[in-house]
Amino acid sequence: QVQLVESGGGSVQAGGSLRLSCAASGLTFSNYVMGWFRQAPGKEREFVAGIRWSGSIAYYADSVKGRFTISRDNAKNTVYLQMNSLKPEDTAVYYCAADQSGVELTTRPRYWGQGTQVTVSS
C-alpha cells in the first residue's frame, strides 16, 4: 500500500519561508517522479513543482520559479519543497504526488498525499 505523508505546513507572514516534506512508503521511491501540487479555495488543483528520479532535473510552475525549490533524498524516501518569499496568493492546501512517468505526474499522478495547509498572511 502506497502512502505519501506530507508535513511542514503552517501559517507564516508574507515574505517568510516554509519547508514541506513528503515521506513515501510502499513504493520503490527512486523509480518515481515526485511532485507537489496545490489547491486554493475555490480553485482547481495546480501543479507546483516536480523532480525526476535521480533529482538531477526539477521543473516548476511559472508562479513559483525563483522562490520554491524541490529536492529529494532517495535514501530517506522523502521529497521536500522549500518555499521562500511566500505571498498571500501561495495560500493553499499542498499535496505531494508520485508517478513513474514525468508526463503523467504533471497531469494525473497515480498517487497522492492527504495534503497540508499553508497559509500566508499579508
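Under the salt bridge (charged side-chain N to carboxylate O under 4.0 Å, His left out) criterion, the residue pairs touching residues 102-118 are E104-R108, with sequence neighbours excluded. Identified under the salt bridge (charged side-chain N to carboxylate O under 4.0 Å, His left out) test for residues 113-122, with sequence neighbours left out: none. Sorted by first and then second residue, the disulfide bond (SG atoms under 2.5 Å apart) pairs with a member in residues 84-122 read C22-C96; sequence neighbours excluded. Screening residues 66-80 for salt bridge (charged side-chain N to carboxylate O under 4.0 Å, His left out) gives R67-D90 as the qualifying pairs, with residues at least two apart or on separate chains. Residue pairs satisfying the disulfide bond (SG atoms under 2.5 Å apart) criterion with at least one member in residues 51-89, sequence neighbours excluded, are absent. Here ring pair (Phe, Tyr, Trp, His ring centres under 6.0 Å) pairs that include residues 64-107, with residues two or more places apart or in two chains, number zero.
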I'd like a table of donor-acceptor pairs (distance under 3.5 Å, sequence neighbours excluded) in which one partner is a side-chain atom from residues 48-57, with atom names and distances.
from, atom 1, to, atom 2, distance (Å)
W53, NE1, N31, O, 3.0
S54, OG, S56, N, 3.3
S54, OG, S56, OG, 2.9

Determine all donor-acceptor pairs shorter than 3.5 Å in which one atom belongs to a side chain in residues 11-19; sequence neighbours excluded.
from, atom 1, to, atom 2, distance (Å)
S17, OG, N84, OD1, 2.9

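Residues I70 and F47 do not share a hydrophobic cluster, defined by chaining ILVMFWY side chains whose heavy atoms lie under 4.5 Å apart. No chain of hydrophobic side-chain contacts below 4.5 Å, direct or via other Ile, Leu, Val, Met, Phe, Trp or Tyr residues, connects V33 to W36. With hydrophobic clusters built from ILVMFWY side chains whose heavy atoms lie under 4.5 angstrom apart, F37 does not share a cluster with Y60. Criterion: ILVMFWY side-chain heavy atoms under 4.5 Å apart, direct or through other members. Under it, M34 and V93 are not part of a common hydrophobic cluster. Put simply, L105 and V79 are part of two different groups of oily side chains (I, L, V, M, F, W, Y) that touch within less than 4.5 Å, one to the next.
Side-chain contact between R38 and S63 is present, with at least one heavy-atom pair separated by less than 4.5 Å.
Between the side chain of S101 and the main chain of V103, a donor-acceptor pair closer than 3.5 Å is present. The backbone N or O of A23 sits nowhere less than 3.5 Å from a side-chain atom of T78 that would complete a donor-acceptor pair.
The side chain to side chain donor-acceptor pair (under 3.5 Å) check on Q117 picks up T119, with sequence neighbours excluded. Under the side chain to side chain donor-acceptor pair (under 3.5 Å) criterion, K65 pairs with D62, sequence neighbours left out. In terms of the side chain to side chain donor-acceptor pair (under 3.5 Å) criterion, residue partners of Q114 (sequence neighbours excluded) are, by chain and number, E6.
Between S122 and P88, the shortest heavy-atom contact is CB-CG, 3.9 Å. Minimum heavy-atom separation, F29 to A24: CD1-CB, 3.6 Å.
Remark: T106 OG1 to D99 CG distance equals 9.0 Å, nearest 0.5 Å.
Grouping Ile, Leu, Val, Met, Phe, Trp and Tyr by side-chain contacts under 4.5 Å, direct or through others, leaves V5 on its own.
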